[in-house]
J.: 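Dropping a structure here in structure tokens format, bear with me for questions.
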Protein chains: 2
Amino acid sequence: MQFVAAPVRLSTADDTFEVEFSARLHWSADTDAAIEQRVAGILADVRERGDAAVLEYTQRFDGLHAQGLPSLELKASELQAAFDGLPAAQRDALTAAAARVRRYHEAQKKANGESWSYRDDDGTLLGQKVTPLDRVGIYVPGGKAAYPSSVLMNAIPAHVAGVQDIIMVVPTPQGTKNPLVLAAAHVAGVTRAFTIGGAQAVAALAYGTQTIPKVDKITGPGNAYVASAKKHVFGTVGIDMIAGPSEILVLADGSTPAEWVAMDLFSQAEHDELAQSILLCPDAAYIDQVQSAIDRLLPQMPRAEIIAKSLTGRGALIHTRSMEEACEISNRIAPEHLEVSSREPHRWEPLLRHAGAIFLGAYTSESLGDYCAGPNHVLPTSGTARFSSPLGVYDFQKRSSIIEVSEQGAQSLGRIASVLAHGEGLQGHARAAEMRLKS
Amino acid sequence: MQFVAAPVRLSTADDTFEVEFSARLHWSADTDAAIEQRVAGILADVRERGDAAVLEYTQRFDGLHAQGLPSLELKASELQAAFDGLPAAQRDALTAAAARVRRYHEAQKKANGESWSYRDDDGTLLGQKVTPLDRVGIYVPGGKAAYPSSVLMNAIPAHVAGVQDIIMVVPTPQGTKNPLVLAAAHVAGVTRAFTIGGAQAVAALAYGTQTIPKVDKITGPGNAYVASAKKHVFGTVGIDMIAGPSEILVLADGSTPAEWVAMDLFSQAEHDELAQSILLCPDAAYIDQVQSAIDRLLPQMPRAEIIAKSLTGRGALIHTRSMEEACEISNRIAPEHLEVSSREPHRWEPLLRHAGAIFLGAYTSESLGDYCAGPNHVLPTSGTARFSSPLGVYDFQKRSSIIEVSEQGAQSLGRIASVLAHGEGLQGHARAAEMRLKS
């Protein structure tokens, strides 16, 4: 069988270059609707039926029959036996590769937000180049609630990261501009700003239009249309997390004035009827005091209706057996905002594994963090603090690995790569490494 | 109007606690299908018609009429004027908040992958706690191509980050286990492993089943079903980027043996018919040599058919006016793998802004990086290197902001927060700050 490999030949000097180049570049990530639908069905089924569903699909798609899912576990002894049973060359190559990968990632863990590198004894250079994104879009809500603080919290980390172009979009319904939002854009170093919003603004930033420049990443909160649009364009551009309703969890040992805690619960509840305010406390009498403070303070609040709906519909005052138990429950919730309203906040802080932001001590009301303490107020919601982080400088940087293998390094690395590549059936990879070996 | 705020009262000592607690916690992020559909229409329309579409939607949804999109730009002078026109208290609060947010994020930029903090003069503590994820899932493909190297590249950064539970899933069609994959799991520190795959494995990891533990994040490549499933469960768990076809771009000045470059192009093309291999070079005669090398070497390759289809269908040999121009084009592509096959790689490296991994010099074949140089081989594809990074230790860590405001700090911060909160119409936030002020 004869095959022909004829890559297209282009020249930048040709008039047709731009058209031909763009045509060749285009690869559409559009997913197949039929696949989407089948996958949605499988996900729902596994969610519903657990082991039984996984077992059935494994039988159907992989032709693998088993009594139950536990029997599909590969025990540590079987993994060890697989390793011991490999030819020595493969065993050694795998071990050497793992050691090198481990060393590199240990260096990465110690690195700060700047570029870093190290050299092997044979002169091989390894590292990572950290660079700011070229251009980002900041979505600022401008309808019911206009939040100038969100301008600061999105634009400043981008600016500190070194992003050159920070494009803000903010809807101005009926042309009403919020002076604080505009002033915040001035203070925060926004490059250009447009009074557009909704899904159409997200689309304009993601794809670019005649007037709106195409950006590399879009951050900032918005309504259901904005959230849906951001999800759609994810991949074409980067996005930050999709925010759910805001949440506060207060861990109280009873030492903070009950009115302070009640107001902290209000300050979350007033955002939105779906916002969630939870108090965890081992002192039942103190919980009574907080409920009394709620009753006393509520009529004074301009947003009393929203607060009442939020607290009644989604709030909870939970009596725990101990502060330790309260910390465990907090970890299960992984709240966006976590106040440790205790005389001994540093006793409990080490027990708290998941939270967007942790507010320690009676004086640290969440609202200070929302506006001006310094940390970002864009935080993971809906339990996503288990795996994600506050918006930060790192969200506006990206990294490129740097590898420069010396002639000598190519000898040792080439032998390892050759063994592993043949093991994966990728002979081109193996040959590319072998060609660099001195005979 | 009288409102009642009655958060539910729960006690962990009650038998019904688990049920009532779970019921209250549940907040479904399911998006409205009607919204999804309308948003998809808006996105397609803006992509197609640009400015005109954005203008129409802005008119329809925001009631904002304009001659053209350019007139919706807020000029820098207007932002400045908004700032100048604010009452002094708001202007000062905004400036003070911005300065504090900036200082915090500058400290964040300098921080490494460990927890960090600093204190203000008044004793206020600010920082960030960096912790590993509790439990992650690693998807390892096991069908047509089994990649033990992917086990190393996914599991080792998780292990270095300090993740306690690393759960691997790998399909074993017809029960065929790949010893190298199992051995790699042994070497890389995988905690538990199951022979399941496809969307059902992703679902099991995301939701948990009787046998498969629920994880916090799922990483690793897979087919279209796996990619679609990961997209679906994003939010319930974290995911890494969805990988597109693999890509290599070689920037060559003509100093590397043409056969080496040809084989490096093959090593990408052999993955997949959709893989993309591109050569950029200012030397037309050298491009001819590479094509000759391709013709000469192709018949020797076991995967010649895939290589031929990939190179002919998606490959390109591009003659540029200069190496500088080649660097510019590379930045437009933002390739996954970027080889700088030049005698002076460090001359060109600073011009290269976007790439997953940069391979410097003739001896640095991409395949060395794929297997054993040390850096991760899970890299951003399809131009996403503009905004995303290689898989790394940071993908298996999350951060929680730490804020402890001193009594004295609560005085200065409280005044700033109060002004800004009133400016946003959030009186609960303002009152929570004001309550901490000494009268």
Side-chain angles (χ1 to χ4, degrees), chain A residues 3 5 7 11 39 42-43 46 50-51 57 69 74 79 82-83 97 100 104-105 109 112-113 160 179 182-183 186 193 199-200 203 209-211 216 228 238 263 266-267 270 308 311 315 319 357 360 363-365 367 371-372 374-375 386-387 389 393 399 401 404-405 410 416-417 428-429 432, chain B residues 3 5 7 11 39 42 46 50-51 57 69 74 79 82-83 97 100 104-105 109 112-113 160 179 182-183 186 193 199-200 203 209-211 216-217 228 238 263 266-267 270 308 311 315 319 357 360 363-365 367 371-372 374-375 386-387 389 393 399 401 404-405 410 416-417 428-429 432:
Chain A
F3 300 108
S11 170
V39 164
I42 295 170
L43 294 177
V46 171
D51 274 10
Y57 289 115
L69 212 47
L74 295 162
L79 303 182
F83 177 76
R100 291 190 63 91
Y104 178 87
H105 287 86
K109 189 179 182 185
N112 60 18
V160 170
L182 271 54
H186 169 71
Q200 61 274 19
T209 72
Q210 296 82 344
T211 299
D216 299 308
S228 170
M263 193 56 73
F266 284 5
S267 73
E270 74 176 346
L311 286 182
H319 181 224
L360 298 172
Y363 281 97
T364 314
S365 72
S367 64
Y371 289 107
C372 57
R386 290 180 293 113
F387 55 83
S389 302
V393 173
R399 295 149 193 263
S401 305
E404 183 179 29
V405 178
I416 300 169
H429 286 67
Chain B
F3 299 108
S11 170
V39 164
I42 295 170
V46 171
D51 274 10
Y57 289 116
L69 212 46
L74 295 161
L79 303 182
F83 177 77
R100 291 191 61 90
Y104 177 86
H105 287 86
K109 189 180 182 184
N112 60 18
V160 170
L182 271 53
H186 169 71
Q200 61 274 18
T209 72
Q210 296 83 343
T211 300
D216 299 308
K217 185 166 188 168
S228 169
M263 192 57 71
F266 285 4
S267 74
E270 74 176 346
L311 286 182
H319 182 223
L360 299 172
Y363 281 98
T364 315
S365 72
S367 63
Y371 289 107
C372 57
R386 290 180 294 114
F387 55 84
S389 303
V393 173
R399 294 148 193 265
S401 306
E404 182 178 30
V405 178
I416 300 168
H429 285 68

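Order of the sequence lines sets the chain letters (A, B, ...), proteins ahead of strands, with each chain counted from 1. Values below: every heavy atom of this structure, side chains too, minus hydrogens, waters and symmetry copies.
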J.: I need the residue from S365(B), A410(B), G50(B) with the largest number of non-hydrogen atom pairs under 4.5 Å to chain A.
T.: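 Counting heavy-atom pairs under 4.5 Å, the top option is S365(B).
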J.: Salt bridge (charged side-chain N to carboxylate O under 4.0 Å, His left out) with R100(A): which residues, sequence neighbours excluded?
T.: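 For R100(A), the residues satisfying salt bridge (charged side-chain N to carboxylate O under 4.0 Å, His left out) (neighbours in sequence not counted) are D120(A).
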J.: If you tally heavy-atom pairs under 4.5 Å against chain A, which of I416(B), V160(B), I42(B) wins?
T.: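 Ranked by heavy-atom pairs under 4.5 Å with chain A, first place is V160(B).
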J.: Counting C-beta onward and ignoring hydrogens, is there a side-chain heavy-atom pair between H429(B) and Y371(A) closer than 4.5 Å?
T.: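 H429(B) vs Y371(A): side chains touch.
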J.: Mind ranking P375(A), G428(A), A5(A) by heavy-atom pairs under 4.5 Å with chain B and telling me who comes out on top?
T.: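 When all of P375(A), G428(A), A5(A) are compared, P375(A) has the most.
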J.: Measure across L360(B) and E404(A) and return the closest heavy-atom pair with its distance rounded to 0.1 Å.
T.: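 Answer, listing the atom of L360(B) first, then E404(A): O-CG, 3.4 Å.
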J.: Where does the angle between the aromatic ring planes of F83(B) and H186(A) fall among parallel (under 30°), tilted (30 to 60°) and perpendicular (over 60°)?
T.: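 Correct class here is tilted.
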J.: Can you tell me how far apart OG1 (T209(B)) and CG (L69(A)) are? Round to the nearest 0.5 Å.
T.: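 Rounded to the nearest 0.5 Å, the OG1-CG separation comes to 5.5 Å.
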J.: Of all the heavy-atom pairs spanning S389(A) and R399(B), show the shortest one and how long it is.
T.: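 Closest approach of S389(A) to R399(B), heavy atoms only: OG-N, 2.9 Å.
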J.: What option among C372(B), A82(B), A417(B) has the most heavy-atom pairs under 4.5 Å with chain A?
T.: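 Ranked by heavy-atom pairs under 4.5 Å with chain A, first place is C372(B).
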J.: With a 4.5 Å cut-off on heavy-atom pairs, point out which of G374(B), P179(B), A199(B) contacts chain A the most.
T.: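 Between G374(B), P179(B), A199(B), the count favours G374(B).
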J.: Verify, without hydrogens or angle tests, whether D51(B) (side chain) and T211(A) (backbone) share a donor-acceptor contact under 3.5 angstrom.
T.: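 Here the side-chain-to-backbone pair exists.
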